[in-house]
Amino acid sequence: MAQTLVLLFVLCLALGVPVAFTMGISGLAAILIEGKINPLVAMQRIFAGIDSFPLMAVPFFILASELMIACGLTTALLRFANALVGHIRGGLGHVNVMVSMLFAGISGSALADAAGPSAIVMRMMRKAGYEPSYAGALSAATATIGPIIPPSILMVVYAISDSRVTVAGLFLAGILPGLLMGAALSLANHYVSVRHDYRGRAERASAAELGGSMVTALPALIMPFIILGGILGGVFTPTEAGAVASAYALFLGFLMRRLGLKNLYQVFVRAAVTTSSVLLIVAMASLFGWLLTYLQIPQTLAAWVAGLTEDRLTVLFLLAAFALICGLFIDTLPALIILTPVLGPIAAQFGIDPLHFAMMLVLNLTIGMITPPVGPVLFVIATVGQLRMESLSRAVLPLLAAELAVLLLVILVPQISTAVPTFFGFTK
Amino acid sequence: MRSLERIFVEANRAAVALALAAIFVIVFVNVVLRYGFGTSLAWAEETARFLMIFGALAAAGLALRKGSLVAIDMLLDILPKGLAVAVRWAGVLAMGAFMALLLWFGWLFVEFGWNKETMATQISRGIPYMAIPIGAALFLIHLLLFARRYVARDFELDEPAEEESAPLDPPAGQAR
């Protein structure tokens, strides 16, 4: 049965069947061919996989960010970032990093960032004389900050796959790694800018410009504080925080007169369809993951790893390498749902802090979004910027190195992941 | 036929947008009730959950049309054109067969749950379970209508997002 499952999975995946279907088809087919499990169990797994109130944070965070974008707040964030760091050497590159970090506070997905603010800054960089492939590569790399800095759709899904962590704990754990990612990418951008003599804007923004742009961006800047503050203060659950954030964005839209009725309808349709493409993966992965557990694949793997080494750090590196390889070929979200129940118990067995492990895995698989051959963010940027994958893949290498350095740090220093949640008392 | 398809797609879009709007209103109103009036609706969480499941499965066909079902096309890109098209048709068949099975077993699942009650709203469990066969049926219709364009990767893209063209003032003095 295990052979049927894995064989069909790899075959469908390689032949370009959508990932959600790949897991559904291989799971259901394995059950039907083997004939030992009632197929209704498969239906039950699919239904139960998305029958979860915490998971409802996903549609709400998608909706909130769609509403914020429709309010024109992306542009406001961009102006603010430009006034803040535009004058430094390689200015627009730093603006690119900064706006992604700010946008990460209103959006929980890297693809939303890549298609939104990152794509806009990419065009600006090209107009300003940056090499197109570098502009694209930097935009792709900065987009990966989106799911690390809270809110994060990946972390909501992670918390559902691993009962030892909470969404709130994960959100807090993501703050430091997210800031580190930003710093590392800025550093890499500085290095590239010096070599290629990319300058910043001629003069520093005046205090008035900086202040003015900050005021316009303020509605977007305070959103992460509403979300995190509400969750930390015990005022509402992450799901409710998502609903409140959506209501807040809706309110802003009416206040700023940016949301007509027709526009609003389109926003809801878009958010509903995006939600579907995420939840389908979650539902089908729930069937697939259940079968993996039923076939005792995690246990077998854990026993094998335990036979290799006793050292905690070596195990963590082994798991990281394994996840990195999976991330090359499987998209982030499905990889996360499949790997969490498989690798999580191994990490627990070796006494690795669940939040530490979670950050390693999320960061690891997020970096996989900008690695060829399967790098969804790279695809988006290549399409939007009409760049060739080859040149984009080459230009992204120094930035990839910077992100891998952050991953290494996160693996070596558990406190990067655990310090903030511990400070707020969010460890279990 | 064309206009029938458009009505079908538009109705599907309206249904999933409405489901999302409903779960948003339910959850938000419940938060307001809790803080404003010290009470909450017992049926809210469960109803919102079922609506979310319905919306997720019912929008699968729309996701197919938009090309937002992620797939790995790397191998297809290296294959000769004719072979790649054949493989994509095989993928369409596989998706169709899977959804047909989901429709069938989903229906049996509804029957299986019909005499049991849900926790909070105490309706028949079969009702929320209907999300599976309904979603599968909708997807099959979309697949039938859209298969040719799916194979050609001719997806329905969004109208370009608002105000994309007006980012910043001309980037004075940027770079070289």
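Letters A, B, ... mirror the listed sequences (proteins, then strands); counts begin at 1. When reading the values below, keep in mind they use all heavy atoms of this one structure, side chains included, and skip hydrogens, waters and symmetry mates.
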>> Assess whether a salt bridge exists between A:Arg270 and A:Glu66, defined as any Lys/Arg side-chain N lying under 4.0 Å from an Asp/Glu carboxylate O.
In response: yes
>> Quick check on B:Leu18 against chain A: is it the side chain, the backbone, both or neither that has a heavy atom closer than 4.5 Å?
In response: neither
> So what's closer than 4.5 Å to chain A heavy atoms on B:Ala14: side chain, backbone, both or neither?
Replying inline: both
> Side chain, backbone, both or neither: which part of B:Phe24 has a heavy atom under 4.5 Å from chain A?
Replying inline: both
> Does the side chain of B:Glu46 come under 3.5 Å of the side chain of B:Thr118 through a donor N or O and an acceptor N or O?
Replying inline: yes
> B:Val31 versus chain A, heavy atoms under 4.5 Å apart: side chain, backbone, both or neither?
Replying inline: side chain
>> Looking at chain B, which one of A:Val273, A:Leu55, A:Thr239 has the largest number of heavy-atom pairs inside 4.5 Å, strictly under?
In response: A:Val273
>> Can you tell me which portion of A:Leu333 sits under 4.5 Å from chain B's heavy atoms? Options are side chain, backbone, both or neither.
In response: neither
>> With a 4.5 angstrom heavy-atom cut-off, is it the side chain or the backbone of B:Ala48 that approaches chain A, or both, or neither?
In response: both
>> Tell me which of these, A:Val17, A:Leu279, A:Ile50, has more heavy-atom pairs under 4.5 Å with chain B than the rest.
In response: A:Ile50
>> What part of A:Leu28 gets within 4.5 angstrom of chain B, counting heavy atoms only: side chain, backbone, both, or neither?
In response: side chain
> B:Ile23 versus chain A, heavy atoms under 4.5 Å apart: side chain, backbone, both or neither?
Replying inline: both
> Heavy atoms, side chains only, cut-off 4.5 Å: are B:Asn115 and B:Ser124 in contact?
Replying inline: no
>> Any non-hydrogen side-chain atom of B:Pro133 less than 4.5 Å from a side-chain atom of B:Val110?
In response: yes
> Under 6.0 Å between the ring centres of A:Tyr130 and A:His196?
Replying inline: no
> By a 4.5 Å heavy-atom criterion (distance strictly below it), what part of A:Phe21 contacts chain B: side chain, backbone, both, or neither?
Replying inline: side chain
> Got more than 12 heavy atoms from elsewhere within 6.0 Å of NZ, B:Lys81?
Replying inline: no
> So which part of A:Val267 gets closer than 4.5 Å to some heavy atom of chain B, the side chain, the backbone, both or neither?
Replying inline: neither
>> With a 6.0 Å cut-off (strictly less than), is the heavy-atom count around CZ of A:Phe53, excluding the residue itself, greater than 12?
In response: yes
> Non-hydrogen atoms of chain B under 4.5 Å away: do they reach the side chain of A:Ala271, the backbone, both or neither?
Replying inline: both
> Does B:Arg149 make a cation-pi contact with B:Phe155 (under 6.0 Å, within 45 degrees of the axis)?
Replying inline: no
> Highest number of heavy-atom pairs under 4.5 Å with chain B: which of A:Leu13, A:Val278, A:Leu280, A:Val235?
Replying inline: A:Val235
> Are B:Glu117 and B:Ile123 close enough that some pair of their side-chain heavy atoms sits under 4.5 Å apart?
Replying inline: no
> Between B:Gly55, B:Gly113, B:Ala21, which shows the greatest number of heavy-atom pairs under 4.5 Å with chain A?
Replying inline: B:Ala21
> Checking heavy atoms, do the side chain of B:Ile132, its backbone, both or neither come under 4.5 Å from chain A?
Replying inline: side chain
>> Salt bridge or not between B:Glu10 and B:Arg6? Use side-chain N to carboxylate O under 4.0 Å.
In response: no
> Can we say B:Arg153 and B:Asp77 salt-bridge, meaning some charged N sits less than 4.0 Å from an Asp/Glu carboxylate O?
Replying inline: yes
> Above 12 or not: heavy atoms from other molecules or residues under 6.0 Å from CH2 of B:Trp89?
Replying inline: yes
> Which region of A:Ser52, side chain (C-beta onward) or backbone (N, CA, C, O), has a non-hydrogen atom less than 4.5 Å from a non-hydrogen atom of chain B, or is it both or neither?
Replying inline: backbone
> Are side-chain heavy atoms of A:Glu131 and A:Tyr198 found at a separation under 4.5 Å?
Replying inline: yes
> Which bit of B:Phe50 comes within less than 4.5 Å of chain A, counting heavy atoms only: side chain, backbone, both or neither?
Replying inline: side chain
>> Report which part of A:Thr275 has an atom under 4.5 Å of a heavy atom belonging to chain B: side chain, backbone, both, or neither.
In response: neither
> Which bit of A:Leu15 is near chain B, if near means a heavy-atom gap under 4.5 Å: side chain, backbone, both or neither?
Replying inline: both
> Of all of B:Ala60, B:Ala97, B:Ala58, B:Ala131, which one pairs up most often with chain A through heavy atoms under 4.5 Å apart?
Replying inline: B:Ala60
> So which of B:Met99, B:Arg88, B:Glu45 has the largest heavy-atom pair count under 4.5 angstrom toward chain A?
Replying inline: B:Glu45
>> Does this structure show an ion pair linking A:Glu240 with B:Arg34, if we count only N-O contacts that are shorter than 4.0 Å?
In response: yes
> Considering only heavy atoms, which portion of A:Phe60 lies under 4.5 Å from any heavy atom of chain B: side chain, backbone, both, or neither?
Replying inline: side chain
> Does any heavy atom of chain A fall under 4.5 Å from the side chain of B:Phe54, the backbone, both, or neither of them?
Replying inline: neither
> Checking heavy atoms, do the side chain of B:Arg65, its backbone, both or neither come under 4.5 Å from chain A?
Replying inline: neither
> Should we count OH of B:Tyr35 as having more than 12 external heavy atoms under 6.0 Å?
Replying inline: yes
